[in-house]
Amino acid sequence: MKVAFFSSEVFPFAKTGGLADVSGALPQALKKAGMEVKVFMPQYKDIKPAIQYDGYGLDKLGNNVEVVFIRNDAYYHRDYLYNTPEGDYADNLERFSFFCRQSLEILRNMDFCPDIFHLNDWQTSILPLYLRFSNNSYFSQSRTLLTIHNLAYQGYFPLNKFSRLLLPPEAKDTLSIYNQLNFLKSGIITATAVNTVSPSYAEEIKTQEYGCGLEKILQENAHKLFGIINAIDYQVWDPQHDKFIYFPYASDDEETKRKNKEALREEFGLEKNERMLIGMVARLTEQKGIDILSDALEKILKEHQVIILGTGEEKYHKILKSLYSHNQQNFSLHLKFDESLAHKIYAASDLFLIPSRFEPCGLSQMISFKYATIPLVHATGGLKDTVKNYDFKNGKGDGFVFEEYSSSALLEAIERACQLYKNKEEWHSLRRRVSQYNFSWSESARKYIELYKKIIAGI
Ligand code: GLC
């Protein structure tokens, strides 16, 4: 089976979030499972492909998957992928529709006709519309799968930009909603099938609370909507072979894990005490729960130690900085993006916070497991699917879960975690158990291949 995998970011070439991790790992797992795969992404500023042609470059992902970089320096040779701190680039419609059109052209030139176009998020979701209105029959047997990694990002633009898409007037209706052009909406309607990155999120997005205005469209297309949980790449996330952390350790090696905690405290001037070390690595936006966390943080810092890494909304930077100035022995704050520090935090923390308001899948909880760090999550989306609340009566569960999205529910869950933390034996036994979990891509890739086959068979 031939698969053309489309993504606007692919680790290690370009990354702003979880989409890049998935796009870097899933194609390799598909290839391992016997698929013929080519990955397509824009050639951003710092990307230097091994082979450079006129309009595109070629390189390899993990030695065996071909990546095609669509080149257009006017569009992609910029400091950021989608937006500057001042806001979105004004020509994102042109940038990503060009990416889709040009990729189709290159596929034809390479004579690679995919059975499946696997599209990811709004940046690539307009591709099925180009296929529908193409007057070339080359791709007439190809089918499309659109994976939604986050419904909150839809790619919407003013209606008067329609002509820039170089589509016939009949295409306008499919693209329009609420008096705007909406790439994701058109993708949901025109893709042969749609999936999200966890079964729970696939259900949630059909409701008004999580549907971000597209719930009706999703309900109408529920017959072709699926949920497949993500996985993580253990080549990247394995404490035993992690070159970023202070002391590599086998998941169940409590002693060496403790040394990582001490080393991190030392590096960032945190007091050495009996406190639980709570880590968080995330975009500091309300989606990630930074609103309820910043309300609760003062109380948390009275009893625990906290390290936060990430950037986001200025409003929260201010709140965090002010809390930091009063709590330097027990609070370490890093308002930036730093891959190597992220690894250190996973390794050093006792508890890892993921208080997201909504979370399509979430990868941090799976990474935490591998690093023998206990996740604490809001019961939503993929978090709900992967973390069951610890039950003190029978010792079952994988971490700590709170149901109501509020600071008090978050605080109460931290209290429960701390209660277990004080019982060293049980805490260690939970750590040991979760560190053995296996969220590897081979299983999720198998599910994607099953879905590809269903799509080809007509669902
Ligand atoms: C987005 C989602 C996150 C998901 C990731 C990869 O970043 O917010 O929940 O894990 O995509 O699919």
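Worth knowing before you read on, the calculation uses all heavy atoms, side chains too, and leaves out hydrogens, waters and symmetry mates. Keep in mind the model is a prediction, meaning the values are calculated, not measured.
- In this structure, K259 forms a cation-pi arrangement with F247, its terminal cationic atom sitting closer than 6.0 Å to the ring centre and no more than 45° off the ring axis.
- F5 and F40 have their aromatic ring centers separated by at least 6.0 angstrom.
- Aromatic ring orientation, Y76 versus F96: tilted (interplanar angle from 30° to 60°).
- Remark: aromatic rings of Y421 and W427 are close, center separation under 6.0 Å.
- The ring of Y346 has its center closer than 6.0 angstrom to the ring center of W237.
- Aromatic rings of Y234 and H241 (six-membered ring for Trp) have centroids beyond the 6.0 Å cut-off, not under it.
- Annotation: K224, atom NZ; neighbour count of heavy atoms from other residues, nucleotides and ligands within 6.0 Å is above 12.
- Taking the six-membered ring where the residue is Trp, the centroids of H118 and Y452 are separated by under 6.0 Å.
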Next on the checklist: I'd like to know whether R265 forms a salt bridge (charged side-chain N to carboxylate O under 4.0 Å, His left out) with E271, so could you lay out the CA-CA distance, the side-chain angles of the two residues, the decisive distance to 0.1 Å, and finally the verdict.
Outcome noted: CA-CA 7 Å; R265 286 172 144 180; E271 193 175 84; over 6 Å; no
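- Residues H326 and F331 keep their aromatic ring centres 6.0 Å or farther apart.
- E298 pairs by the salt bridge (Lys or Arg N to Asp or Glu O under 4.0 Å) definition with nothing, not counting sequence neighbours.
- Applying the side-chain contact (heavy atoms from CB on, under 4.5 Å) test between S349 and each of V306, L264, V281, T373 identifies T373 as the sole match.
- For F183 and F157, the gap between ring centers is short of 6.0 Å.
- For the pair S294 (side chain) and I319 (backbone), a donor-acceptor distance under 3.5 Å is absent.
- The side-chain heavy atoms of S356 and H378, taken from C-beta on, include no pair separated by under 4.5 Å.
- Aromatic rings of Y390 and F392 (six-membered ring for Trp) have centroids within the 6.0 Å cut-off, being under it.
- Of the candidates K453, K454, R446, K447, E450 forms a salt bridge (Lys or Arg N to Asp or Glu O under 4.0 Å) with just one, namely R446.
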